[in-house]
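Before any comments, here is the structure.
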Number of protein chains: 4
Amino acid sequence: MPGAPPRTSTACGDAEPGTPARILDTAESLFAAQGYAATSVRDIAAAAGLTAASLYNHFPSKEAIYRAVLARGLAPLAEMLAGLSAREPGPDATQEMIAAVMAHFAARPALARLIQHETLCGGENLRSFASEWVAPLFETASEQLARDPRSPWSAEERPLAVAAWMQLAIGHFVMAPLVEAALPVAPLSDEGIARQTLFLQKLSRLLLRPPG
Amino acid sequence: MPGAPPRTSTACGDAEPGTPARILDTAESLFAAQGYAATSVRDIAAAAGLTAASLYNHFPSKEAIYRAVLARGLAPLAEMLAGLSAREPGPDATQEMIAAVMAHFAARPALARLIQHETLCGGENLRSFASEWVAPLFETASEQLARDPRSPWSAEERPLAVAAWMQLAIGHFVMAPLVEAALPVAPLSDEGIARQTLFLQKLSRLLLRPPG
Amino acid sequence: MPGAPPRTSTACGDAEPGTPARILDTAESLFAAQGYAATSVRDIAAAAGLTAASLYNHFPSKEAIYRAVLARGLAPLAEMLAGLSAREPGPDATQEMIAAVMAHFAARPALARLIQHETLCGGENLRSFASEWVAPLFETASEQLARDPRSPWSAEERPLAVAAWMQLAIGHFVMAPLVEAALPVAPLSDEGIARQTLFLQKLSRLLLRPPG
Amino acid sequence: MPGAPPRTSTACGDAEPGTPARILDTAESLFAAQGYAATSVRDIAAAAGLTAASLYNHFPSKEAIYRAVLARGLAPLAEMLAGLSAREPGPDATQEMIAAVMAHFAARPALARLIQHETLCGGENLRSFASEWVAPLFETASEQLARDPRSPWSAEERPLAVAAWMQLAIGHFVMAPLVEAALPVAPLSDEGIARQTLFLQKLSRLLLRPPG
DNA sequence: GATGAATGAGGATTCATTCAT
DNA sequence: AATGAATGAATCCTCATTCAT
């Protein structure tokens, strides 16, 4: 009786994504908006144009969808961080790193919120990401700071400084609603993101200027 | 038929809290740990030593519990922020503000996570707090920065600087699991909090030092 | 909005059973009729005059209901078997045992089918019953047979003889539909049961008669 | 797009069975092990190396599979029973009948359980089998008993005696788990089956011996 | 103030089945 | 003959909430 619309995957230029990708897309935005627990499989399926039952032809469980969403979101981030870690420590490496990270998050509106949600709730799915990708970045960045003669940070403080940058990058996207309610700004607008990027770059520059 | 143990609220020094307070306590920690959606009324009740039905003698709904938890958590924070806003702009006002905010969050382990959860999910219950208490603080702090001749920030950047401090304060508590997984540190230990406080203070001092 | 009919447990003579007992009653007959898998929690609840949700106020899971049904059914049987095992081996002990077992199953129409269903499907819930209650009975009965000089059975055959009686007792109730479809008899009628009891007693008597 | 491996039914001696037979094989063992309701079409298909969808190319419904399994299992049994019914009533006809029935069930481990499952649950698919094949056997066997001057059974008891044999034959296979849990024997081993066969034959011999 | 029992709505997941490919 | 994808109905169970006691 049922039968589904034939989803001919005629390979045209940048075709609409296949069903699994569509599911991940909608799941990503829902998870990012409401968190894991508040998002129902039916909601995901409906937003993807399916029945909940159909969704189970593509993913074996809600958990699996969530993990896939997280993996798909973290993979490019990890790649980028790996690229940054591999950079030679030129003078404006820091500036570029800041810009790159901010641009990455800006292009994926759900990513920062996803990470924050996961961090808030156990975060077991994040741990491997953290130890595999964040740890090396922290180390690389700390080393770069160590090598920079202008750096005001002690060995003990350097990881804190790197963590601070991470918090400022993610926090900008995640705290946006709160900031928006307190200030007459739109942090998530293109302009807001650009302003924050420049701000962070200036912040880093100020910290590295020679003491008076 | 049964009835609960008579909880005589004999007002001794620091007696165990009354039932409503006990409910709010357990609800606070559960909401902070898992978020609103993932926390069930039964869980709260059980953790508070009650039945779900009994809980409704004290609060009319889950939403009400949540709002009460949030209100109870935000009130002292608002008070503190109001106090900070009222300070005269002495030279180390900023240092003290940082210390006060960090100490406040350190004493209430759930608060930062609660705020972050709420921010991530709509945050409608936070909006009034933001506009009533955060906004004035932002303004005061921005003004203080404006008055300080050493400040390197333009009028446009000053709110961002204040927001950055807020993000670093909250972020320290909220990102702790992620940082812990990437670095060999314990951000939530007394020592970790003290270190972060000193770090933030040094950061602020560095930014206000005269240019070279 | 909901609210349930007040089930006043006014202690009259042999009041209708409480809700849990009523649930077990209906579950017992449904499980006996269709087996575990084919019986839905909703069916049980509906037959007991409840919603499925209400049922979960009394039993934590379908499995738990099933186990409770089985335990409640097996307990008196075990007791009876224990009583039989304790009997001194009088001349017509066997006759009385047969009558007792048949009467027990006759009074509990679901029991034999329940045991058979459980035996057919894994029977993990039956194993302890078997080793605790059936095994002793088998041993006692075998010993009685050994002591009887008229018994034609070797030591090796005696357990088979006891097992055969068990199969004939249970089988009468369980195979009834098949027998009924093949013969113009009603095995589950009072008369049919009486006839089978007499038949089994005669069978046992015949086997113990002195050889010609 | 994919398509399954071409199952060339090259008619060699005892080639692997065709797909429908393979389906019936796996379905038979699953139905026998768990019963109809607890067995899912997907389980059958997977165990047969197919997708559930593919299975519907061979059978129109789960019910149809079940009926086919039952028919396939009952047909040889019916044939055998017909053969037995047709036998002239030689002296050891009973002995041979017992051996034949036991051998038949022993060679088809699922059959007895299948019959028992079906008997327990309505048994509508068994009714025609019972009236067509079991009834004649009962009648023939009863008549044989009637003709045998040694038979101790009255006209009324004769059907019960035949039913008892049937119960002992099927029961041996079906009650095996329960017996195994209570006695240190392995009813389903070759030896166990042989022992039971001999036991039943001796039982029948004993009953027909002349009274003392 | 506390509870057991009740309930409708909804949670995730499985079911048997269909159909275009 | 085989499959992936689709689906409505049903699965067990949890949810927040109510109410008589």
Side-chain angles (χ1 to χ4, degrees), chain A residues 1-9 18-20 37-45 49-63 65, chain B residues 1-7 18-20 37 39-45 49-58 60-63 65, chain C residues 1-9 18-20 37 39-45 49-63 65, chain D residues 1-7 18-20 37 39-45 49-63 65:
Chain A
M1 231 168 292
R7 198 153 300 278
T8 52
S9 67
T19 306
T39 302
S40 86
V41 171
R42 269 213 277 275
D43 290 347
I44 300 174
L50 277 84
T51 310
S54 303
L55 193 152
Y56 280 86
N57 281 323
H58 302 278
F59 295 91
S61 73
K62 186 185 175 187
E63 254 288 303
I65 300 176
Chain B
M1 232 167 291
R7 197 155 299 277
T19 305
T39 302
S40 85
V41 171
R42 276 217 271 273
D43 288 347
I44 299 173
L50 277 83
T51 310
S54 305
L55 193 150
Y56 281 85
N57 283 324
H58 302 277
S61 73
K62 185 186 176 186
E63 255 289 303
I65 300 175
Chain C
M1 232 169 292
R7 197 152 301 274
T8 51
S9 69
T19 306
T39 302
S40 86
V41 172
R42 267 214 278 276
D43 289 347
I44 299 175
L50 278 82
T51 311
S54 303
L55 192 151
Y56 282 87
N57 281 323
H58 302 278
F59 295 91
S61 72
K62 185 186 175 184
E63 253 290 302
I65 300 176
Chain D
M1 229 169 293
R7 196 155 299 277
T19 306
T39 301
S40 85
V41 171
R42 276 217 271 272
D43 289 347
I44 300 173
L50 279 83
T51 310
S54 304
L55 193 150
Y56 280 85
N57 282 323
H58 302 278
F59 295 92
S61 73
K62 185 186 176 185
E63 255 288 303
I65 300 175

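The shown structure was predicted, so the numbers you read here are calculated from the model rather than taken from an experiment. Note on naming: letters A, B, ... go to the chains in the order of the sequence lines (proteins, then strands), and numbering restarts at 1 for each one. Every heavy atom of this structure was used, including side-chain atoms; hydrogens, water molecules and symmetry mates were not.
- At whole-Å resolution of the value, CG in D/Asn57 and P in E/dT21 are 16 Å apart.
- Nucleotides of DNA chain F nearest to C/Ser61 and B/Pro60 differ in position, and the one nearer the 5' end is that of C/Ser61.
- A straight line from CG of D/Leu55 to C1' of F/dA2 spans 11 Å, rounded to a whole angstrom.
- To the nearest angstrom, C1' of E/dA12 lies 11 Å from CD1 of A/Ile44.
- In this structure, NZ of B/Lys62 is placed 15 Å from P of F/dT14, rounded to the nearest angstrom.
- Distances shorter than 4.0 Å separate none of the side-chain N or O atoms of D/Arg42 from OP1 or OP2 on E/dT14.
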Practice task
Please lay out, stage by stage, how D/Leu50 and D/Asn57 fare under the test side chain to side chain contact (heavy atoms under 4.5 Å, CB included).
Solution key: CA-CA 11 Å; D/Leu50 279 83; D/Asn57 282 323; over 6 Å; no

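- Distance check, rounded to the nearest 0.5 Å: CZ of D/Arg42 to CG of D/Leu55 gives 12.0 Å.
- Each of A/Ala52 and C/Ser40 lies near DNA chain F, and the nucleotide nearest A/Ala52 is the one positioned closer to the 5' end.
- One can place CZ of A/Phe59 at 11 Å from P of F/dA5, the figure rounded to the nearest angstrom.
- Across every strand in view, F/dA9 sits in a pair with E/dT14 that passes the Watson-Crick or G-U test at under 3.5 angstrom.
- Side-chain atoms of C/Thr51 do not come within 3.5 Å of backbone N or O of C/Ser54 as any donor-acceptor pair.
- In this structure F/dA20 sits in a base pair with E/dT3, meeting the Watson-Crick or G-U test at under 3.5 Å.
- Within the structure, every side-chain polar atom (N or O) of A/His58 is placed at least 4.0 Å from both OP1 and OP2 of F/dG4.
- Rounded to whole Å, the distance from OH on D/Tyr56 to P on E/dC19 is 13 Å.
- Distance C/Glu63 CD to F/dT11 C1': 15 Å, rounded to the nearest Å.
- At the heavy-atom level, A/Ser54 lies under 4.0 Å from base atoms of the strands shown.
- When the side-chain nitrogen and oxygen atoms of C/Thr19 are compared with OP1 and OP2 of E/dA6, one or more of them lie within a distance under 4.0 Å.
- Both C/Pro20 and D/Ala53 lie near DNA chain E, and the one whose nearest nucleotide falls closer to the 5' end is C/Pro20.
- Mapping D/Thr39 and A/Ala37 onto DNA chain E by nearest heavy atom places A/Ala37 at the nucleotide closer to the 5' end.
- Taking each heavy atom of D/Pro20 and D/His58 in turn, the nearest pair found is CG-ND1, 3.8 Å.
- For B/Leu50, the listed nucleotide lying nearest its side chain is E/dA2; candidates were E/dA2, E/dA5, E/dT13.
- Side-chain nitrogen and oxygen atoms of C/Thr51 include at least one within less than 4.0 Å of the OP1 or OP2 phosphate oxygen of E/dG8.
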